[in-house]
Asks: 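Mind looking over this structure? Questions follow.
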Amino acid sequence: MKIFVPGDAAALAVGADPVAQAIESRITSERMDAQVIRNGSRGLFWLEPLVEVETPEGRIAYGPVSVDAAAELFDAGFLHGKPHFLCRGLTEDIPYLKKQERLTFARCGIIEPLSIADYIAHDGYRGLERALDMEPAAIVEEVSASGLRGRGGAGFPSGIKWRTVLNTPADQKYVVCNADEGDSGTYADRMIMEGDPFVLIEGMTIAGIAVGATRGYIYVRSEYPHAFRTLRRAIQIAQQNGYLGASVAGSGKAFDIEVRLGAGAYICGEETSLLESLEGKRPQIRPKPPLPAIRGLFAKPTVVNNVISLATAPIILEKGAKFYQDFGMGKSRGTLTIQLAGNVKYGGLVEKAFGLTLREAIYDYGGGTASGRPLRAVQVGGPLGAYFPEALLDTPLDYEAFAAQRGLVGHGGIVVFDDTVDLARQARFAMEFCAIESCGKCTPCRIGSTRGVEVIDRIIANEDRTKNLRLLDDLCELMLDGSLCALGGLTPYPVLSAIQHFPEDFTKPAPPFHAKGESQETSLWR
Amino acid sequence: MSVLKTWDPERAHELIEELQNLPGALLPILHALHEDFGYIDEGAVSMVARALNISQAEVHGTISFYHDFRHSPPGEHVLKICRAEACQSMGCDQLIRHVEGRLGVNRGETTADGSFTLEQVFCLGLCATSPAVMLDGKLYGRVSQDVVDFLIGSIRRRG
Ligand SMILES: Cc1cc2nc3c(=O)[nH]c(=O)nc-3n(C[C@H](O)[C@H](O)[C@H](O)COP(=O)(O)O)c2cc1C
Ligand code: SF4
Ligand code: FES
């Protein structure tokens with residue numbers, strides 16, 4: 001009998017390890033015929049640690065399980081499907097999960113992450129198998145036809161990028177996986193790297209075969225030590241099983257992968273900064289053109305894709321472009337891995353075809369705020385995404401629909417705030433974050449963001465508000481138009497949306513003892 | 001975190017030598033040094049520059065660019081608190097103020113007795129179980145003031 005206790009970092013953060021140990025020692029002491037498997041997370045984080053028991057009817061879920069509850073579960077006879085108040089029924093029938101369309105995340109939380117046999121038994125490596133029978137151009141065509149757009153934020157068509165690399169002759173090409181996942185409110189990359197690492201390895205291998213690259217790098221942020229370790233081991237296992245190396249799956253085509261660790265700089269998620277970092281340079285932004293697809297890592301043609309983009313390639317190749325592109329709306333095809341975060345009752349991963357509205361995501365899945373207070377603002381797309389008020393919640397999750405509201409789908413993170421939020425402070429934070437993370441290459445971003453913090457402080461303190469709001473507007477315009485990359489170029493989005501949708505937060509009386517409380521936070525330390 | 005070694009040029013030399021032939025070796029070398037010593041000693045700059053045949057200014061500029069790298073040894077325990085938006089929506093600002101008060105330091109500082117270093121981070125990927133902290137590499141989600149007091153207290157009791 002198998003008992004599943006997630007080893008996902010978020011499950012560990014709420015106590016999954018002691019629960020797994022408690023279950024294991026009970027199994028040992030009572031000589032039960034059972035085995036604990038550390039799976040990835042299903043992404044139902046309000047239920048973590050989510051313990052599952054395999055039964056003939058399917059896996060039965062219990063959660064959230066504490067060490068004490070684990071003991072109770074044994075006493076109640078949970079191994080034989082006996083009832084307990086933490087029982088959630090069959091995992092697959094939990095409505096949150098049942099209503100989803102899990103394509104990229106089809107295996108996450110189900111398989112044992114580092115078992116390549118388990119991966120293959122769950123349809124793993126079928127996409128690669130098909131790709132190896134195809135001409136490189138045909139693989140690229142399949143990805144193009146699927147309508148897949150980059151999930152890292154910019155939404156650029158992956159097929160076009162791959163075609164550029166394929167058509168650029170060079171003695172060496174690279175595939176670089178962007179696993180820097182810096183946006184607050186996002187964790188889909190982390191979940192896939194920890195819960196189904198082989199799907200990423202397979203996706204990168206497909207990309208390599210398609211464009212003629214023999215080397216891949218995964219650039220993982222240092223805040224993800226668990227993902228880093230899992231990937232390192234998964235790569236070794238893939239090498240030992242002939243899925244990476246001089247002849248991938250016996251095809252005679254070479255491809256291998258190395259994992260590298262970032263060092264806590266948000267800007268290194270931007271692809272040219274990431275490449276500089278990988279090359280061992282001070283990771284300032286490179287001007288584009290040249291595109292990385294033409295002159296990328298070590299000046300060679302390079303595919304740079306987000307984790308989710310690459311991890312989606314296997315299912316596209318396995319099931320065909322049409323299958324994938326039948327999901328979605330407008331020019332946003334396939335599924336979006338929505339990540340519900342912050343002040344939300346049922347936080348977690350929701351993979352759904354594009355087109356779900358924000359309201360459906362937040363209420364039908366998320367259950368509203370965690371605090372139970374009224375929702376007031378939502379930030380979608382990370383720190384550079386706009387703040388939306390309740391009135392915009394019917395916006396569908398679709399790149400164009402969001403752009404039309406001056407918003408960003410980005411990497412699909414949705415951060416919910418209740419009515420205690422102060423949007424003037426959020427606007428200030430957006431500027432502060434930009435100042436802390438600016439690579440310093442261009443003045444509008446480097447200086448503008450620091451000025452932005454000061455100006456917003458004056459607005460909050462009720463100093464010459466009309467003049468300072470105009471000044472802030474000018475600053476934002478300067479940053480929008482004059483920044484070299486999207487850090488400086490998009491930071492005005494959260495700021496301007498806060499002013500536009502929540503003007504009352506910028507005209508409130510100044511808080512008492514304002515100057516004193518503020519002075520400490522104004523220092524931008526690195 | 002008492003496993004950290006004190007600065008040792010010979011050990012640093014070994015670490016550098018082991019990695020210097022990797023393509024783009026600078027960042028892996030800096031990580032290796034940081035992991036061993038808990039910070040990057042000024043003395044490492046010229047060694048790394050020589051090994052990679054780049055200028056000291058370049059090494060310096062790179063070290064100072066990354067938020068991860070400390071320039072002096074940390075306290076015995078390192079507490080990192082997430083300050084990004086999802087954690088803000090669940091009250092991380094109050095949590096940080098509480099911890100600053102309790103430890104008597106600001107973010108980025110080490111307590112006078114050298115027991116704790118308090119640092120900010122921007123997102124630990126635990127945004128569905130906010131607020132989140134990392135203590136000596138271990139993650140904690142849904143962290144209330146009571147939880148963080150308990151974490152600090154249990155380390156203090158251990159001495
Ligand atoms: C400031 C900034 C930060 C970024 N951070 C990330 C990131 O953490 N992960 C990511 O995949 N893309 C990030 N991007 C987008 C990348 O530059 C790039 O568009 C992406 O890696 C391309 O892959 P995709 O086409 O698969 O999305 C960031 C961009 C900017 C401007
Ligand atoms: S906008 Fe900011 S981060 Fe981007 S290149 Fe300019 S200074 Fe660097
Ligand atoms: S915002 Fe704090 S963990 Fe993501």
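Lettering of chains follows the sequences in order, A, B, ..., and the numbering in each one begins at 1.
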Asks: By number, which residues in residues 378-387 of chain A have some heavy atom less than 4.5 Å away from chain B?
Replies: A/Q379, A/P383, A/Y387

Asks: With a 4.5 angstrom heavy-atom cut-off, is it the side chain or the backbone of A/A370 that approaches chain B, or both, or neither?
Replies: side chain

Asks: If you count heavy-atom pairs under 4.5 Å with chain A, which of B/V59, B/D68, B/T129 comes out on top?
Replies: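 Sorted descending by pairs with chain A, the first entry is B/D68.
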
Asks: At a heavy-atom separation under 4.5 Å, does A/S277 approach chain B through its side chain, its backbone, both, or neither?
Replies: both

Asks: Distance only, no hydrogens: is a donor on one side chain within 3.5 Å (strictly under) of an acceptor on the other, for B/Y66 and A/S222?
Replies: no

Asks: Which pairs count as ring-ring contact (aromatic ring centres under 6.0 Å, His included) when at least one residue sits in residues 80-110 of chain B, sequence neighbours excluded?
Replies: none

Asks: Of all residues at least two apart in sequence or in a different chain, which pass the side-chain hydrogen bond (donor to acceptor under 3.5 Å, both in side chains) check with A/R376?
Replies: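 Checked A/R376 against side-chain hydrogen bond (donor to acceptor under 3.5 Å, both in side chains); matches are A/E504, A/D505.
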
Asks: Side chain, backbone, both or neither: which part of A/L340 has a heavy atom under 4.5 Å from chain B?
Replies: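 It is the backbone, since no side chain atom gets that close.
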
Asks: Chain B heavy atoms under 4.5 Å from A/I267: which part of the residue, side chain, backbone, both or neither?
Replies: side chain

Asks: Are the side chain of A/S184 and the backbone of B/A84 linked by a donor-acceptor contact shorter than 3.5 Å?
Replies: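 Checking the backbone N and O of B/A84 against the side chain of A/S184, no donor-acceptor pair under 3.5 Å is found.
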
Asks: Would you say A/R282's side chain and B/H60's backbone share a donor-acceptor pair under 3.5 angstrom?
Replies: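 Not a single qualifying donor-acceptor pair exists.
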
Asks: Would B/F122 and A/Y266 count as a close aromatic pair, with their ring centres under 6.0 Å?
Replies: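 No: the rings miss the under 6.0 Å criterion.
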
Asks: With only heavy atoms counted, which part of A/E276 is less than 4.5 Å from chain B, the side chain, the backbone, both or neither?
Replies: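 Contact with chain B: none, neither part.
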
Asks: What part of A/F298 is in contact with chain B, defined as an atom under 4.5 angstrom from a non-hydrogen atom: side chain, backbone, both or neither?
Replies: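 The side chain, not the backbone.
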
Asks: Name the region of A/Q339, side chain, backbone, both or neither, that has any atom closer than 4.5 Å to a heavy atom of chain B.
Replies: neither

Asks: Heavy atoms only, distances under 4.5 angstrom: which of B/S89, B/G61, B/A128, B/P23 has the most pairs with chain A? Name it, please.
Replies: B/S89

Asks: Measure the shortest side-chain to side-chain distance between A/Q284 and B/F65 over non-hydrogen atoms and say whether it is less than 4.5 angstrom.
Replies: yes

Asks: Check each atom of A/D183 against the heavy atoms of chain B and say whether the ones under 4.5 Å are side chain, backbone, both or neither.
Replies: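 Backbone only.
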
Asks: Sort A/C439 into side chain, backbone, both or neither according to what part of it lies under 4.5 angstrom from a heavy atom of chain B.
Replies: both

Asks: Output the residues of residues 26-46 of chain B for which the shortest heavy-atom distance to chain A is under 4.5 Å, in residue-number order; output 'none' if no such residue exists.
Replies: B/L26, B/L27, B/P28, B/H31

